[in-house]
Amino acid sequence: MIGQTGLRRTSVGVFVEHVQSISQAIAVVGPQLRIAQSEIGRMRGIIDNAASELLISFGEIQSAVMQSEVAVGNTADAAIARAMTALQFQDMVAQMMSGLSQRIGAATEMLDGAVTSDGTSCATFPRQVVLQQDVAAGDIELF
Amino acid sequence: MLSILAVDDSPSIRQMVAFTLKSAGYSVIEASDGADGLAKAKEKTVNLVLTDQNMPLMDGITLVKNLRGMPSYATTPILILTTESSDDMKAKGRAAGATGWLVKPFDPVRLVEIVKKVIR
């Protein structure tokens with residue numbers, strides 16, 4: 001049988017083990033979050049670069065279509081307009097990645113703070129600014 | 001030629017807006033954020049301002065408020081083109097004096113239609 005003192009010692013032991021395992025988890029998760037943040041930055045760079053190249057190409061195609069003496073009809077114009085609308089995925093994704101990166105940064109700050117301070121944190125999480133689900137053209141409202 | 005000030009911190013969106021409006025026969029001045037937009041609006045009075053909302057240094061709604069405080073921009077159409085679609089943000093834009101709210105992504109054909117409708 002375990003007496004009152006023994007029970008207290010066991011509880012304290014379990015608590016200490018929990019704290020140690022949380023600290024170990026934080027030590028592993030923190031660096032992983034920093035890697036994720038860095039990868040988001042690189043993904044954004046690749047997407048920006050690809051979108052910029054595509055934009056230049058579509059611009060050249062549209063200029064060629066406009067200058068062409070051969071009638072290509074409304075189909076080409078409509079296709080280019082659709083492509084220009086869809087290409088704006090880059091702007092939306094860039095904003096979402098920026099928000100995600102800030103969120104991870106704030107979470108990392110909180111984890112660092114949880115190990116070193118009294119548990120309070122001045123980390124601030126960003127507001128969600130992109131709620132779109134697809135690249136369909138958005139609403140227009142004139143006041 | 002009627003001139004339009006296009007303000008956006010995204011170079012690709014600025015390129016797309018400029019290309020679309022230039023193809024429709026407008027002269028386009030580009031600015032990379034609200035503060036840059038305000039400086040360029042002071043340099044040359046334009047016929048319409050098209051601005052993003054979320055930008056570094058100065059956001060779109062603050063730019064609208066600043067422009068509405070200038071006599072030369074008291075009645076100039078100002079459109080906000082943004083990914084933001086909440087009623088709360090739209091109400092703030094309207095209160096600041098914006099002429100309209102366009103949610104990204106924009107359709108180039110519809111953008112030209114709206115510009116033609118409101119530009120002076």
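When reading the values below, keep in mind they use all heavy atoms of this one structure, side chains included, and skip hydrogens, waters and symmetry mates. Sequence lines set the chain letters: A, B, ... in the order given, protein chains first and strands last, and positions in each chain run from 1.
Among residues 91-103 of chain A, the residues having any heavy atom closer than 4.5 Å to a heavy atom of chain B are, in sequence order, D91(A), M92(A), Q95(A).
Contacts between T20(B) and chain A at a heavy-atom distance below 4.5 Å involve the side chain alone, from C-beta outward. Only the side chain of I13(B) comes within contact range of chain A, with at least one heavy atom under 4.5 Å from a heavy atom of that chain. With a 4.5 Å cut-off on non-hydrogen atoms, K90(B) touches chain A through its backbone and its side chain both. Of the atoms belonging to L81(B), not a single heavy atom falls under 4.5 Å from chain A. Interface remark: D107(B) contributes backbone and side-chain atoms alike to the contact with chain A (heavy atom separation under 4.5 Å). Looking at F106(B), the atoms closer than 4.5 Å to chain A (heavy atoms on both sides) sit in the backbone and in the side chain alike. Of the atoms belonging to Q90(A), it is side-chain heavy atoms, and not backbone ones, that fall under 4.5 Å from chain B.
Taking hydrophobic clusters as Ile, Leu, Val, Met, Phe, Trp and Tyr residues chained together by side-chain heavy-atom distances below 4.5 Å, F89(A) shares a cluster with I40(A). Cluster membership check: M16(B) shares its hydrophobic cluster with V115(B), using side-chain heavy-atom separations under 4.5 Å among Ile, Leu, Val, Met, Phe, Trp and Tyr. By the rule that hydrophobic residues join a cluster once side-chain heavy atoms approach within less than 4.5 Å of another member, L55(A) and I61(A) end up as members of one cluster. Cluster membership check: L48(B) does not share its hydrophobic cluster with Y73(B), using side-chain heavy-atom separations under 4.5 Å among Ile, Leu, Val, Met, Phe, Trp and Tyr. A continuous path of Ile, Leu, Val, Met, Phe, Trp and Tyr side chains, each step under 4.5 Å between heavy atoms, connects M55(B) with M58(B), placing both in one hydrophobic cluster.
Side-chain contact check for Q15(B) versus L87(A): every heavy-atom pair is 4.5 Å or farther apart. Counting heavy atoms from C-beta on, the side chains of V129(A) and Q53(B) never come closer than 4.5 Å.
By number of non-hydrogen pairs under 4.5 angstrom with chain B, the leading residue of Q88(A), R82(A), E141(A), Q128(A) is Q88(A). Among the candidates N54(B), V103(B), L79(B), D9(B), the residue making the largest number of heavy-atom pairs closer than 4.5 Å to chain A is V103(B). Options P77(B), S12(B), S86(B), S85(B) differ in how many heavy-atom pairs under 4.5 Å they form with chain A, and the most are formed by S12(B).
Atom CG of L142(A) is separated from atom CZ of R94(B) by 10.5 Å, given to the nearest 0.5 angstrom.
The local environment of NZ in K44(B) is crowded, with over 12 non-hydrogen atoms from other residues, nucleotides or ligands closer than 6.0 Å. Heavy atoms from other residues, nucleotides or ligands lying under 6.0 Å from CD of E113(B) number more than 12.
Considering all non-hydrogen atoms of both residues, A81(A) and V109(B) come closest at CB-CG2, 4.1 Å. Contact detail for T83(B) and Q132(A): the closest heavy-atom pair is O-NE2, 3.0 Å.
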